[in-house]
Amino acid sequence: MTARPPAVDLAVLREMAEACGWTLEEMARRYLEEARREARRLREALDRGALDEAARVAHGWSGASGMAGATAVGRLLERLERAAARGRAAEAGRLAARVPDAVREVEEALRGLVPVTPPPPSASPS
Amino acid sequence: MARLLLVEDNDLNRDMLTRRLERKGHVLLVARGGEDALRVAVAERPDLILMDLSLPDVDGWEATRRLKAEPATRDTPVIALTAHAMAGDRERALQAGCADYATKPVDFPALLAKIAAHLKGSPRG
């Protein structure tokens, strides 16, 4: 039986933060911003039936997730990328439906490092 | 150190790699897509280009072909940079004119070694 990957491998996240010269909090905040932005782009692409674009978004986000230690999200996105790239819209849609829960697990794992609730648009930094 | 053009459409991937390369002393130029890459490469004449293959508008393969057809950039080494594990992607990148290929997640020391090797071998190295 394959072990379920962790929502966040903190050692990987920490290593990348150090490599970039960011604090762990800054690294976590950047990843969560990425996740919220890319989840929205992914949903919009699939809603339009733009499978090529969905595959491309999943590809980039998957790579960033791997680098940031968000292992479970990264693996889910790899599957989504493959499905979208092969034109399997229904499978891509089913996998995309699991993305919000996977991101919530990352937010929970990072609770304490960064706020789990996105700031209102008027308070967002540019 | 060298002036590198990083072509990557994912914001976090671009920010992370930019930071890591800058911390090694390189000067980074960035582009978010293939068209943007062509414009920046011709205008800024970087020493080397790191090219993601999965890009909006013009993809990395086509952008590399166009760079190699352009007199101002044809001698600039291009290293393909992608998470693609699909069979044939490496060959397609080399056929398009890439000098080398690195897979994501990036093995950073290995990437630095490839950058150094290609800079040494380039006409401006």
With A:Arg98, which residues qualify under side-chain contact (heavy atoms from CB on, under 4.5 Å), at least two apart? A:Leu76, A:Arg79, A:Leu95
Any idea which of A:Glu34, A:Met16, A:Met67 has the most non-hydrogen atom pairs under 4.5 angstrom with chain B? A:Glu34
Kindly check if the number of other-residue, nucleotide or ligand heavy atoms within 6.0 Å of CG (A:Asp52) is above 12? no
Quick check: is A:Leu24 connected to A:Leu110 through a chain of hydrophobic side chains (ILVMFWY, heavy atoms under 4.5 Å apart)? yes
Does the side chain of A:Arg56 come within less than 4.5 Å of B:Asp52's, by heavy atoms? no
Heavy-atom pairs under 4.5 Å with chain B - which of A:Met27, A:Arg37, A:Glu53 has more of them than the others? A:Arg37
Does one hydrophobic cluster hold both B:Phe108 and B:Leu119, with members joined at side-chain heavy-atom distances below 4.5 Å? yes
Do the side chains of B:Val58 and B:Val40 join up, straight or via other hydrophobic residues, at under 4.5 Å, putting them in one cluster? no
Sub-4.5 Å heavy-atom contacts with chain A: which residues of residues 8-33 of chain B show up? B:Asp9, B:Asn10, B:Asp11, B:Leu12, B:Asn13, B:Asp15, B:Met16, B:Arg19, B:Arg20, B:Arg23
Please tell me whether A:Leu51 and A:Val99 are part of a single hydrophobic cluster in this structure, the criterion being side-chain heavy atoms less than 4.5 Å apart. yes
Please state whether the side chain, the backbone, both or neither of A:Glu38 comes within less than 4.5 Å of a heavy atom of chain B. side chain
